[in-house]
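All remarks here apply to the structure that follows.
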Amino acid sequence: LPGQILDQWFESEPLKATLATDAVIGAMASPHTPGSGYVLLHHVMGELEGRRGAWGYVAGGMGALSQAIARAAATQGVHIFAEKAVCHVLLGRDGRAQGVALQDGTEVRSKLVLSNASPQITFLELTPQEQLPKDFVQRIRQVDTRSPVTKINVAVDQLPSFLAAPNGRDGRPLPHHQCSIHLNCEGTHLLHQAFTEAAHGHPSSRPMIELCIPSALDPGLAPRGCHVVSLFTQYTPAVLEGGQPWDEQARNAYADTVFDCIEAYAPGFKASVIGRDILTPPDLERIFGLPGGNIFHGGMSLDQLYFARPAPSYSGYRSPIPSLYLCGSGAHPGGGVMGAAGRNAARVALEDFRRL
């Protein structure tokens, strides 16, 4: 349990609760859920520019990272088909993957196919079911993809000023504006209470909020004097109590709750809002192909990690279909912008390619 880990190192309850948010980020779990301590450790793996466990912003926004990867690939002769949805994986008579068919009818032939899509899309939508073992298909269907995350992107006409650290007269960003700001995290009991409400089909009345202001470090993201605020919030069930959908009224009601909470910490925040984009779990699935809205393509629980990710006997990136590999967040070691699954899968695919 993350609480036991944090108790060994810290005394301050607000500090322990703030750190405990990394144990439940993207997970329909409480800090008291067995196994959630691993997720805490997962988020401090690796390093950034020599600093262990550090995170950072991407200059130009997260899309700039994708563009950088695309440019690097293009210099090596890679052809990128943007806005071209894949219809299905092409299989030869021997059952091997031989490329992909696009929805416009184009066929792209290749000796290997690596899928960065989720296991659910890769194996339940793009691959002929009759070519897959029944127990494998059942396992993929049973992957826990519940997500508590609602992402809210906000445009504001002034920098939030927090009661705990008010803005200076010049209105320039202060050190805390350049960091990740955690709200409603004064105690782990608040996180557990927020989780419990969502587990019963209700959006949290006092949500866990992680607030970032990337424009404080990257001014080009917003007009002069304005800022973009990214809100990563929990907990919101994918399906509301009674099977009610996330309609516009439900979306706005939850966002209003989030904004009321922020207002208590930073008076004037609500008046500064000039636009907002609310993405509930169903929105994240529809727009980005995240199963259940899960940012990790599947829960990071102990029964879905290591040799069991995405399924027992298939954690080594090879799939039941020869020459078809899984290289996204649904593969080992899981989610996060780190490229580990892609690098590992590429090495396996290259090893097989040399034998073809």
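By the side chain to side chain contact (heavy atoms under 4.5 Å, CB included) test, A29 is found to be paired with A27, T33, residues two or more places apart in sequence or in another chain being considered. For the salt bridge (Lys or Arg N to Asp or Glu O under 4.0 Å) test, no residue two or more places apart in sequence or in another chain qualifies with R141.
For the residue pair Y254/T280, the side-chain donor-acceptor check at 3.5 Å is not satisfied. Side-chain atoms of Q158 and S272 include no donor-acceptor pair closer than 3.5 Å.
Taking the charged nitrogens against the carboxylate oxygens, K270 and D260 do have a contact shorter than 4.0 Å, which makes a salt bridge. Checked for salt-bridge contact, R276 and D256 meet the test: a charged N lies under 4.0 Å from a carboxylate O.
Within the structure, every pair that satisfies the side chain to side chain donor-acceptor pair (under 3.5 Å) test and touches residues 65-93, not counting sequence neighbours, is listed here: K84-D104. The stretch residues 5-17 participates, sequence neighbours left out, in these salt bridge (Lys or Arg N to Asp or Glu O under 4.0 Å) pairs: D7-K16, E13-K16. For residues 40-51, the set of pairs meeting the side chain to side chain donor-acceptor pair (under 3.5 Å) definition, not counting sequence neighbours, comprises Y38-H42.
Around CZ of F10, the count of heavy atoms belonging to other residues, nucleotides or ligands within 6.0 Å exceeds 12. Enclosure of atom CD in E130 by more than 12 non-hydrogen atoms of other residues, nucleotides or ligands within 6.0 angstrom is indicated.
Ring geometry for F195 against Y235 counts as perpendicular: the plane angle is over 60°, on a 0 to 90° scale with 30° as the lower cut. The aromatic rings of H177 and F162 lie tilted to each other, with the angle between the two planes from 30° to 60°.
V239 belongs to no hydrophobic cluster with other residues, because no ILVMFWY side-chain heavy atom falls under 4.5 Å from its own, directly or through intermediates.
When R354, R347, R355 are each tested for a salt bridge (Lys or Arg N to Asp or Glu O under 4.0 Å) with E351, only one passes: R355. R96 pairs in a side chain to side chain contact (heavy atoms under 4.5 Å, CB included) with only one of the listed residues (L356, L112, I321, L324), which is L356.
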